[in-house]
Amino acid sequence: MIKINGVAHTNITVSNWAACREFYDKLLPFLGMTCVFSGTKFIYYVGGRTALGIGQCDPEYEKDRFVQNSVGLHHHCFRARSTEDVNKVHAHLIAIGATIVHPPEDGGWAPGYYSVLFEDPVGTRLEVNFVPGQGVLADGAGFDPSGDFN
């Protein structure tokens with residue numbers, strides 16, 4: 001057995017490359033991430049022991065949108081350091097014209113769970129949350145995955 005040291009990176013593929021690239025180039029630096037690669041069809045940001053790559057889809061998929069409950073990614077969640085940070089992200093999302101699925105709110109996933117849920121220009125679901133303490137690992141916290149994943 002080993003103990004992993006977090007998630008190294010997630011790469012997502014998007015249609016509507018120009019709009020999505022602009023969106024992520026506004027969102028990710030606000031989250032404290034640094035662009036370490038910026039190509040014509042792929043960008044890669046690193047920060048907070050997290051990395052996110054965004055790539056242009058193949059031409060035959062250019063008209064497609066993200067389908068949340070299809071095979072593959074359901075959503076990507078960034079962890080914030082406070083509820084205030086979640087609120088700041090929400091304000092930034094409004095300023096850049098993001099589609100907000102739900103504004104900052106408490107959730108039942110773990111004690112103190114607080115999050116904002118939103119979409120990129122092609123509907124890819126993204127979340128920023130804050131969970132105090134040990135979250136679902138806290139004594140008596142419990143976790144019920146049968147709920148609505150949004």
Side-chain angles (χ1 to χ4, degrees), residues 2-107 109-110 112-137 143 145 147-150:
I2 70 163
K3 290 187 177 186
I4 63 168
N5 188 25
V7 175
H9 61 266
T10 300
N11 289 345
I12 61 172
T13 304
V14 297
S15 59
N16 195 355
W17 175 242
C20 285
R21 181 178 184 143
E22 179 181 3
F23 173 83
Y24 286 104
D25 282 340
K26 291 178 181 176
L27 173 67
L28 299 177
F30 185 82
L31 299 180
M33 301 180 80
T34 300
C35 185
V36 297
F37 180 81
S38 180
T40 58
K41 296 182 178 184
F42 186 77
I43 55 177
Y44 193 75
Y45 280 83
V46 176
R49 299 186 63 224
T50 301
L52 185 66
I54 300 94
Q56 182 178 14
C57 68
D58 290 338
E60 63 264 30
Y61 303 111
E62 183 55 37
K63 295 193 186 291
D64 291 355
R65 287 185 53 82
F66 176 77
V67 178
Q68 187 174 37
N69 287 313
S70 180
V71 174
L73 180 76
H74 184 273
H75 73 281
H76 180 84
C77 183
F78 295 96
R79 185 163 303 224
R81 297 179 184 273
S82 67
T83 57
E84 293 82 10
D85 284 351
V86 173
N87 293 336
K88 288 177 186 176
V89 170
H90 179 245
H92 182 70
L93 293 168
I94 291 169
I96 66 172
T99 299
I100 308 295
V101 177
H102 73 65
E105 66 181 23
D106 295 321
W109 295 107
Y113 195 100
Y114 186 73
S115 69
V116 60
L117 185 65
F118 56 101
E119 296 178 346
D120 74 6
V122 295
T124 307
R125 289 277 173 104
L126 303 161
E127 178 182 12
V128 175
N129 81 353
F130 171 71
V131 180
Q134 293 187 10
V136 296
L137 296 177
F143 175 70
D148 179 16
F149 283 107
N150 292 321

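- The two residues G55 and W17 have their closest heavy-atom pair at C-CZ3, 3.7 Å.
- To the nearest 0.5 Å, the span separating CZ on F118 from CG on L27 amounts to 5.0 Å.
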Yes or no on side-chain contact (heavy atoms from CB on, under 4.5 Å) for R125 and V101, after CA distance, side-chain angles and deciding distance? CA-CA 9 Å; R125 289 277 173 104; V101 177; 3.5 Å; yes

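- Between the CD atom of E127 and the NE2 atom of H74 there is a distance of 10.0 Å, given to the nearest 0.5 Å.
- Of the inter-residue distances, the one linking N129 atom CG with T83 atom OG1 reads 11.5 Å to the nearest 0.5 angstrom.
- Counting heavy atoms from C-beta outward, T124 and H76 have side chains that stay 4.5 Å or more apart.
- In this structure, Y61 OH and Q56 CD are separated by 14.0 Å, a value rounded to the nearest 0.5 Å.
- Within the model, atoms NE2 of H92 and CG of N87 stand 14.5 Å from one another, a figure rounded to the nearest 0.5 Å.
- The minimum heavy-atom distance linking P121 with A19 is given by the pair CG-O, 3.6 Å.
- The CG atom of L52 lies 7.5 Å from the CG atom of L126; values are rounded to the nearest 0.5 Å.
- With respect to E84 and K88, no salt bridge is recorded, no charged nitrogen being found less than 4.0 Å from a carboxylate O.
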What side-chain donor-acceptor pairs closer than 3.5 Å can you find for residues 30-48, not counting sequence neighbours?
unit_1	atom_1	unit_2	atom_2	d
S38	OG	R21	NH2	2.3
Y45	OH	D25	OD1	2.5

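- Although no hydrogens or angles enter the test, the distance criterion places no donor-acceptor pair under 3.5 Å between the side chain of T99 and the main chain of E119.
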Please test L28 against I54 for side-chain contact (heavy atoms from CB on, under 4.5 Å), starting from the C-alpha separation and ending with a verdict. CA-CA 11 Å; L28 299 177; I54 300 94; 3.8 Å; yes

side-chain contact (heavy atoms from CB on, under 4.5 Å) between V14 and F66: does it pass, once the steps are laid out? CA-CA 8 Å; V14 297; F66 176 77; over 6 Å; no

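- The two atoms that bring S15 and D64 nearest to each other are OG-O, 2.5 Å, heavy atoms only.
- Atom CG of D58 sits in a crowded spot, with more than 12 heavy atoms from other residues, nucleotides or ligands closer than 6.0 Å.
- Heavy-atom minimum distance, N16 versus E62: N-OE2, 2.7 Å.
- Y24 places a side-chain heavy atom less than 4.5 Å from the side chain of D120.
- Between Y113 and C77 the shortest heavy-atom distance is OH-SG, 4.4 Å.
- Residue A98 comes nearest to F23 through the heavy atom pair CB-CE1, 3.8 Å, listed as atom of the first residue, atom of the second, then distance.
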